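Notes to accompany the following structure.
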Amino acid sequence: MRLDDRKWKIFNAIIKTYLETGEPVGSRTISKYADLNLSSATIRNEMADLEEMGLIIQPHTSAGRIPSDKGYRLYVDKLMEKKEQEVKEMQEMLIQKQDRMESILKQVVKVLANNTNYATLISSPKYHRTKLKFIQLSMISEEQLLAVVVTEGNIVKNKMLHFRHGLDNEILLKLNILLNTSLNGLAMEEINLSLISRLKEQAGIHSEVVNRVLDAVAEAIQMDEELEIYTSGATNIFKYPELSDSSRASELISAFEEKKELVNLINETSAEEAGTGIQVYIGNETPIQTMRDCSVVTATYELGSGMQGTIGIIGPKRMDYEKVVDTLKTLKAQLDVVFDKKEE
């Protein structure tokens, strides 16, 4: 069933108003919607057409209208179609961004190693204090519910939930609206016990569904994705006699190849970030055992909206600190510009 733009706006307004109030909706109420700019008479005519189409019904004489089962079905189908398209577009956009970002970061770390003559690394940016954008609940079967959770940065997570008893479309729609109205824009730490209790109370007999969905949201927001680290110049350590000892060199080369210790280095240094975002670790100050004979300089770069990554330079204790710090400061600023240009 297809509705023209005006009918759809009026129908959409009836649905949303009724879901919020539980009361039949009249033409005067609908006329107050700012984006309609229609007279009550015009709205009444359109509502009469919607009633003839079986999308709304009049429960009592002289009362307003409420959605029919057929109307709910149309609304839910359109809502799911829209959300599915949004998720698909977000996934495609994310793949494009990741490919482009990987290429840029590999180039940056290689240039950094060539310019400094030290070993270098850079991590892909991750979201800190990730916020929820929206939740989409869809029935897959009578006992399976798919929760699609979209977080800041358009990261999409799917979670299949199993229930003994299915939900009808009206309940599913109300749960979608309840969860999105209450949770959108919140970080995980902002979803407190008071909010959870209120959501369960509003969900009534379906509080268990809300509880399971909240678990899925927490899992999606807190999921620790594998940290991508790009390296270059590991063999530069052979240029420095104090690091070229066979055992020391092999440990450092191994750390760069396996990357597990580099992940630990990034996690440790991120927690100690200074106001400038640049940290210098000399010898035993370095949090990684295999780098205790080195100096490590790290910097946090930011791409906005809480998106952060780490740049690291590993060299001898006699490294040119002034050059390294200046290089990192410049690179921090340039990365933001580079990615801004790439978005245009």
Side-chain angles (χ1 to χ4, degrees), residues 1-89 134-148 150 160-182 184 199 202-210 213:
M1 182 179 295
R2 298 185 64 86
L3 301 180
D4 61 38
D5 187 54
R6 187 162 73 182
K7 278 188 174 61
W8 175 252
K9 284 184 177 180
I10 292 172
F11 175 63
N12 199 46
I14 293 170
I15 286 268
K16 288 187 175 181
T17 303
Y18 180 66
L19 288 174
E20 289 172 4
T21 65
E23 298 292 333
V25 184
S27 59
R28 184 172 298 179
T29 301
I30 298 302
S31 67
K32 295 177 183 177
Y33 275 74
D35 59 336
L36 288 177
N37 196 26
L38 298 171
S39 67
S40 293
T42 300
I43 293 173
R44 280 194 295 273
N45 290 335
E46 295 288 7
M47 289 174 73
D49 290 343
L50 291 170
E51 191 170 0
E52 284 184 14
M53 297 166 75
L55 298 177
I56 58 176
I57 58 177
Q58 190 175 28
H60 307 291
T61 306
S62 302
R65 270 67 166 184
I66 65 173
S68 65
D69 288 351
K70 185 178 179 180
Y72 278 126
R73 166 50 56 194
L74 176 63
Y75 181 74
V76 170
D77 287 348
K78 289 288 186 182
L79 179 67
M80 293 299 106
E81 181 183 322
K82 178 183 176 184
K83 292 302 181 184
E84 284 167 8
Q85 182 61 32
E86 286 179 6
V87 169
K88 182 180 178 181
E89 289 173 358
F134 69 79
I135 302 167
Q136 176 186 324
L137 304 181
S138 306
M139 290 305 301
I140 302 301
S141 68
E142 287 187 1
E143 297 182 349
Q144 289 183 311
L145 176 67
L146 176 65
V148 179
V150 182
M160 192 70 73
L161 306 176
H162 298 272
F163 296 93
R164 291 183 180 178
H165 304 290
L167 305 172
D168 62 39
N169 291 317
E170 183 177 353
I171 294 298
L172 193 63
L173 175 61
K174 289 182 178 180
L175 288 174
N176 269 308
I177 293 173
L178 171 64
L179 289 166
N180 283 288
T181 302
S182 304
N184 286 8
L199 282 173
Q202 289 178 284
I205 61 172
H206 303 291
S207 61
E208 177 59 23
V209 179
V210 169
V213 172

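In this text the structure is predicted, and so the values were computed from the model without any measurement.
Summarising the geometry of P24 relative to P59, their closest heavy-atom pair is CG-CG, 4.0 Å, with the distance given to 0.1 Å. Among all heavy-atom pairs drawn from L199 and S182, the shortest one is CD2-OG, 3.3 Å. Shown here for Y18 and E23, the closest heavy-atom pair between the two residues is CD1-O, 3.2 Å.
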| request: Verify side-chain contact (heavy atoms from CB on, under 4.5 Å) between I30 and L38, making sure each step is shown before the conclusion. | output: CA-CA 9 Å; I30 298 302; L38 298 171; over 6 Å; no
| field | Residues L137, L145; criterion side-chain contact (heavy atoms from CB on, under 4.5 Å); working and verdict | value | CA-CA 7 Å; L137 304 181; L145 176 67; 4.1 Å; yes
| Evaluation steps, side-chain contact (heavy atoms from CB on, under 4.5 Å), between L161 and Q144 | CA-CA 6 Å; L161 306 176; Q144 289 183 311; over 6 Å; no
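With rounding to the nearest 0.5 Å, the separation of CD1 in I15 from CZ in R65 is 14.5 Å. A distance of 11.0 Å separates CG of L175 from CD of Q202, quoted to the nearest 0.5 Å. We find the CD1-CD1 distance between I205 and I171 to be 6.5 Å, quoted to the nearest 0.5 Å.
Under the 4.5 Å side-chain criterion, counting only non-hydrogen atoms from C-beta, E20 is not in contact with I177. For the pair V210 and L179, the minimum side-chain heavy-atom distance is below 4.5 Å. Counting only heavy atoms from C-beta outward, the side chains of Q58 and I66 never approach each other to under 4.5 Å. Within the 4.5 Å cutoff, the side chain of E46 has heavy atoms near those of the D49 side chain. In this structure the side chain of I135 never reaches within 4.5 angstrom of the side chain of V148, judged on heavy atoms. Counting only heavy atoms from C-beta outward, the side chains of I43 and R28 never approach each other to under 4.5 Å. Counting heavy atoms from C-beta on, the side chains of E51 and I56 come closer than 4.5 Å. The closest side-chain heavy-atom distance from L50 to L3 is below 4.5 Å.
Few gaps surround CG on D77; more than 12 heavy atoms of other groups in view lie less than 6.0 Å from it.
In this structure S40 satisfies the side chain to side chain contact (heavy atoms under 4.5 Å, CB included) test together with S27, S31, R44, sequence neighbours excluded. Take K9 and apply the side-chain hydrogen bond (donor to acceptor under 3.5 Å, both in side chains) test, not counting sequence neighbours, and it matches no residue.
K174 has a carboxylate O that lies under 4.0 Å from a charged side-chain N of E170, or vice versa, which qualifies the two as a salt bridge.
A donor-acceptor pair under 3.5 Å is absent between the side-chain atoms of S207 and the main chain of A203, judged by distance alone. A donor-acceptor pair is defined here as one N or O able to donate and one able to accept, closer than 3.5 Å; such a pair exists between the side chain of T17 and the backbone of A13. Looking at N176, its side chain does come within 3.5 Å of a backbone N or O of L172 through a donor-acceptor pair. At distances below 3.5 Å, not a single donor-acceptor pair connects side-chain atoms of S138 with backbone N or O atoms of L146. The backbone N or O of M53 lies less than 3.5 Å from a partner atom in the side chain of K70, making a donor-acceptor pair.
Between F11 and Y75, the ring-plane angle classifies as perpendicular under the 30° and 60° cut-offs.
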